[in-house]
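Just so you know, ligand 1 is whichever comes first in the structure, and atom 1 is the first atom listed for that ligand. Note that this is a predicted model, so its numbers are computed, not measured.
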Amino acid sequence: MIEIPSDLNKMLETAESVAVLTGAGISAESGVPTFRGEEGLWKKFRPEELATVDAFMQNPDMVWEWYLFRRNIINEVRPNPGHYTLVEMEAYFKNFDLITQNVDGLHTAAGSKKVWELHGNIMRSKCFDCSKPFAEDIDIESGIMPVCQCGGKIRPDVVWFGEMLSAEILNKAFSVSERADLFFSVGTSAIVHPAASMPAIAKRNGAYLVEINLEPTPLSDIADCSFMGKSGEILPEIMERLKR
Ligand code: BJW
Ligand code: ZN
């Protein structure tokens, strides 16, 4: 049982605008590997070596192999109590926005409606050259890399290091962070920008900042309240408090 500090209790009772930023940690209990730490390594590569334009240009087959490996995992998993609690919170608060760095689609699968996917979605593909969406299945085992009508290579529709995020989604994420009275940062190492700046923006604009993570992060120093533990256990406990 967690202890909810009295100032957070008060915020839970009075907050009208709530925003949440999630990272890979919220999907860990569903069985999706996180990026950093031992289990984030795939064939000894760090995400910083695979999630880049350069990696794709140099070795598209290998980058696709990583994405198809992850797609297969994601196809087999289900949302966990952390995801489902955020669906309940969306119904509870007057204004509720979910900003996610995750590309796994598990928030939408759980039933969350207002989800801002900052880093794209792993199940979508697009053309590397003209960005046109590509709807067909990807089969790299055939040895034939799919190409667009324009001749460009097909890539996952996600945001790699050094790439711009969708301006529309980013602006939405900034504005909901600015207006939040209460902001939750859940299961993110909070080192990848601009996502990692959202909690600080919320705090600067007066929000009460709550962090939920297994371990301290760069946000822990500015958070008003840090819960160290699993999001699939802590979020339901917070929701229980709200229902009482
Ligand atoms: C649990 C748990 C449980 C486990 N319960 N918790 C400002 C300062 C410095 C650098 C930059 C800056 N602005 C931009 C940059 C450059 C760069 C960047 O941020 N670099 C840093 C690494 C230094 N950013 C970019 O390039 C971005 N683009 C951009 O800014 O464009 C403009 C620009 C261009 C060029 C120069 C300057 C500006 C794009 C970033 C794209 C990130 N893409 C990826 C891959 C997406 C596709 C894919 O999935 O393959 O996004 S990288 C990867 O990291 C992925 C994630 O969304 C992201 C964040 O990771 P996340 O979610 O935090 O996961 P982990 O694994 O790191 O952490 C998991 C956490 O969960 C841990 O803390 C655990 O403890 C915890 N946990 N189990 C609770 N059960
Ligand atoms: Zn094209």
Side-chain angles (χ1 to χ4, degrees), residues 21-42 45-56 63-71 73-74 80-83 85 99-106 117-134 146-167 169-170 173 184-200 210-220 226-236:
L21 171 71
T22 62
I26 195 165
S27 295
E29 289 158 75
S30 291
V32 182
T34 59
F35 288 92
R36 294 169 185 86
E38 276 303 301
E39 61 172 21
L41 298 180
W42 176 78
F45 294 100
R46 292 182 303 121
E48 284 79 0
E49 295 171 292
L50 293 165
T52 70
V53 167
D54 283 353
F56 185 75
V63 172
W64 261 117
E65 203 191 326
W66 182 49
Y67 279 97
L68 293 178
F69 162 79
R70 291 171 54 205
R71 269 190 187 188
I73 295 174
I74 290 162
N80 67 58
H83 297 106
T85 300
I99 307 163
T100 188
Q101 299 168 83
N102 299 345
V103 298
D104 57 30
L106 287 178
E117 290 181 323
L118 290 178
H119 295 162
N121 191 298
I122 197 168
M123 296 304 171
R124 293 194 306 255
S125 307
K126 66 176 183 184
C127 174
F128 184 80
D129 289 342
C130 74
S131 296
K132 192 173 165 218
F134 183 81
V147 285
C148 176
Q149 286 150 332
C150 80
K153 286 193 176 71
I154 299 301
R155 56 164 282 180
D157 189 359
V158 297
V159 181
W160 286 328
F161 283 109
E163 292 189 306
M164 304 298 276
L165 285 69
S166 146
I169 294 175
L170 186 58
F184 291 89
S185 173
V186 184
T188 175
S189 56
I191 57 170
V192 175
H193 289 267
S197 58
M198 306 289 167
V210 181
E211 177 178 51
I212 302 174
N213 201 304
L214 296 181
E215 57 188 27
T217 75
L219 280 185
S220 307
S226 287
F227 293 108
M228 296 293 137
K230 292 184 176 177
S231 47
E233 294 171 3
I234 290 167
L235 281 168

Trainee: Closer than 4.0 Å to some heavy atom of V103 - which atoms of ligand 1 meet that?
Mentor: 49 (O)
Trainee: Give me the atom names and distance for the closest heavy-atom approach of T52 to F161.
Mentor: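 Nearest pair, atom of T52 first, then F161: CG2-CB, 4.3 Å.
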Trainee: Check for a donor-acceptor pair, side chain of E29 on one end and backbone N or O of G232 on the other, with a separation under 3.5 Å.
Mentor: yes
Trainee: Under 3.5 Å between some N or O of ligand 1 and some N or O of E48?
Mentor: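 There is no such contact.
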Trainee: Considering both backbone and side-chain atoms of W160, is one of its nitrogen or oxygen atoms within less than 3.5 Å of a nitrogen or oxygen in ligand 1?
Mentor: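 No, no N or O pair falls under 3.5 Å.
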Trainee: Which distance, rounded to the nearest 0.5 Å, do you find between the CG of L219 and the CE of M198?
Mentor: 12.0 Å
Trainee: Could you pull out the closest heavy-atom pair between V159 and G120, with the gap in Å?
Mentor: CG2-N, 4.4 Å
Trainee: When you measure from atom 14 (C) of ligand 1 to each heavy atom in H119, H193, E29, which option holds the nearest one?
Mentor: H193
Trainee: Which protein non-hydrogen atom lies closest to atom 31 (O) of ligand 1, naming both residue and atom, and how far is it?
Mentor: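 Going by distance alone, atom 31 (O) of ligand 1 is nearest to E163 O, 3.0 Å.
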Trainee: Is there a nitrogen or oxygen of G162 sitting under 3.5 Å from a nitrogen or oxygen of ligand 1?
Mentor: yes
Trainee: Quick one: does I74's side chain get under 4.5 Å of R71's, heavy atoms only?
Mentor: no
Trainee: State, to 0.1 Å, how close A55 and L50 come at their nearest heavy-atom pair, and which atoms those are.
Mentor: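 Result for this residue pair: CB-O, 3.7 Å.
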Trainee: Within a distance under 4.0 Å of any heavy atom of R70, pick out the atoms of ligand 1 and give their elements.
Mentor: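 Selected atoms, number and element: 48 (C), 49 (O), 50 (O).
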Trainee: Quick one: which ligand 1 atoms are inside 4.0 Å of a heavy atom on W66?
Mentor: 50 (O)
Trainee: Closer than 4.0 Å to some heavy atom of G23 - which atoms of ligand 1 meet that?
Mentor: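 Going through ligand 1 atom by atom, the ones under 4.0 Å from G23 are 62 (O).
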Trainee: So is G229 in contact with ligand 1, going by heavy-atom distances below 4.0 Å?
Mentor: yes
Trainee: Compare all side-chain heavy atoms of L165 with those of H119 and state whether any distance is below 4.5 angstrom.
Mentor: yes
Trainee: Flag the pair E163 and K126 as a salt bridge only when some basic side-chain nitrogen lies within less than 4.0 angstrom of an acidic carboxylate oxygen.
Mentor: no
Trainee: For ligand 1, which atoms, with element, lie under 4.0 Å from some heavy atom of A28?
Mentor: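 So the atoms of ligand 1 that pass are 78 (N).
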Trainee: List the closest protein heavy-atom neighbour of atom 59 (C) of ligand 1: residue, atom name, distance to the nearest 0.1 Å.
Mentor: Q101 OE1, 3.3 Å
Trainee: Run E117 and V103 through side-chain contact (heavy atoms from CB on, under 4.5 Å) and show every step you take.
Mentor: CA-CA 7 Å; E117 290 181 323; V103 298; over 6 Å; no
Trainee: To 10 degrees, how wide is the angle SG (C150) to the Zn ion (ligand 2) to SG (C130)?
Mentor: 120°
Trainee: Which atoms from ligand 1 have a heavy atom of A24 less than 4.0 Å away?
Mentor: 61 (P), 62 (O), 64 (O)
Trainee: Less than 3.5 Å between some nitrogen or oxygen of T188 and one of ligand 1, yes or no?
Mentor: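 Right, the criterion is met.
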Trainee: Tell me the protein heavy atom at minimum distance from atom 77 (N) of ligand 1, and give that distance in Å.
Mentor: G25 CA, 3.6 Å
Trainee: Would you mind finding which of E117, R46, M164 brings a heavy atom closest to atom 33 (C) of ligand 1?
Mentor: M164
Trainee: Under 4.0 Å from any heavy atom of P194, which atoms of ligand 1 are there?
Mentor: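 So the atoms of ligand 1 that pass are 30 (O).
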Trainee: For the pair T217 and T188, evaluate side-chain contact (heavy atoms from CB on, under 4.5 Å) and give the outcome as yes or no after the intermediate values.
Mentor: CA-CA 8 Å; T217 75; T188 175; over 6 Å; no
Trainee: For the residue pair I212 and S185, establish whether any side-chain heavy-atom pair is separated by less than 4.5 Å.
Mentor: no
Trainee: Nearest heavy atom to atom 46 (C) of ligand 1: which of D104, N121, L214, V159 does it belong to?
Mentor: V159
Trainee: If we count only non-hydrogen protein atoms and require a distance under 4.0 Å, does atom 39 (C) of ligand 1 qualify as touching the protein?
Mentor: yes
Trainee: If I compare all heavy atoms of G105 with all of N121, which pair ends up nearest, and what's the gap?
Mentor: CA-ND2, 4.0 Å
Trainee: Can you tell which of G187, S27, S185 gets a heavy atom nearest to atom 69 (C) of ligand 1?
Mentor: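 Considering heavy atoms of G187, S27, S185, the nearest to atom 69 (C) of ligand 1 sits in G187.
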Trainee: More than 12 heavy atoms of other residues, nucleotides or ligands under 6.0 Å from NZ of K153: yes or no?
Mentor: no
Trainee: Among all the protein's non-hydrogen atoms, which is closest to atom 73 (O) of ligand 1, and how far away is it?
Mentor: N213 ND2, 3.0 Å
Trainee: Given the protein's heavy atoms, is any one of them under 4.0 Å from atom 10 (C) of ligand 1?
Mentor: no
Trainee: Identify, for atom 60 (O) of ligand 1, the protein heavy atom at the shortest distance, and state residue, atom and that distance.
Mentor: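 Atom 60 (O) of ligand 1 sits closest to the protein heavy atom R36 NH1, 3.0 Å.
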Trainee: Would you please classify the geometry between the F35 ring and the W66 ring as parallel, tilted or perpendicular, with 30° and 60° separating the classes?
Mentor: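 Aromatic pair W66/F35 classed perpendicular.
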Trainee: What do the steps show when you test D129 against C148 for side-chain contact (heavy atoms from CB on, under 4.5 Å), and what is the final call?
Mentor: CA-CA 9 Å; D129 289 342; C148 176; over 6 Å; no
Trainee: Name the option, out of P156, P33, S189, that contains the heavy atom nearest to atom 68 (O) of ligand 1.
Mentor: S189
Trainee: Which heavy atom of the protein is the closest neighbour of atom 5 (N) of ligand 1, given with residue, atom name and distance?
Mentor: S231 N, 3.0 Å
Trainee: Given SG of C127 on one side and SG of C148 on the other, what angle do they make at the Zn ion (ligand 2), to 10°?
Mentor: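 If I round to 10°, I get 110°.
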Trainee: Show the nearest heavy-atom pair for residues I26 and H83, with the distance to one decimal.
Mentor: O-CE1, 3.5 Å
Trainee: Taking the side chain as every heavy atom from C-beta outward, state whether S226 and N213 have any pair of such atoms under 4.5 Å apart.
Mentor: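 Side chain of S226 against side chain of N213, heavy atoms only: no contact under 4.5 Å found.
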Trainee: Geometry only, no angles: is N102 polar-contacting ligand 1 at N/O separations under 3.5 Å?
Mentor: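 No.
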Trainee: List the closest protein heavy-atom neighbour of atom 23 (C) of ligand 1: residue, atom name, distance to the nearest 0.1 Å.
Mentor: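 Closest protein heavy atom to atom 23 (C) of ligand 1: I191 O, 4.0 Å.
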Trainee: Nearest heavy atom to atom 17 (C) of ligand 1 wins, so pick from F35, Y67, F161.
Mentor: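 When every heavy atom of F35, Y67, F161 is considered, F161 comes closest to atom 17 (C) of ligand 1.
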Trainee: As a test of the contact definition, would atom 21 (C) of ligand 1 count as having a protein heavy-atom neighbour under 4.0 Å?
Mentor: yes
Trainee: Which atoms of ligand 1 are found less than 4.0 Å from any heavy atom of E215?
Mentor: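 It comes down to these atoms of ligand 1: 75 (O).
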Trainee: Between M228 and S220, does the side-chain contact (heavy atoms from CB on, under 4.5 Å) criterion hold? Intermediate values first, please.
Mentor: CA-CA 10 Å; M228 296 293 137; S220 307; 4.3 Å; yes
Trainee: Can you spot which of T100, I73, L106 makes a side chain to side chain contact (heavy atoms under 4.5 Å, CB included) with S27?
Mentor: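 Checked T100, I73, L106 against S27; only one passes side chain to side chain contact (heavy atoms under 4.5 Å, CB included): L106.
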Trainee: For atom 2 (C) of ligand 1, state whether the nearest protein heavy atom is under 4.0 Å away.
Mentor: yes
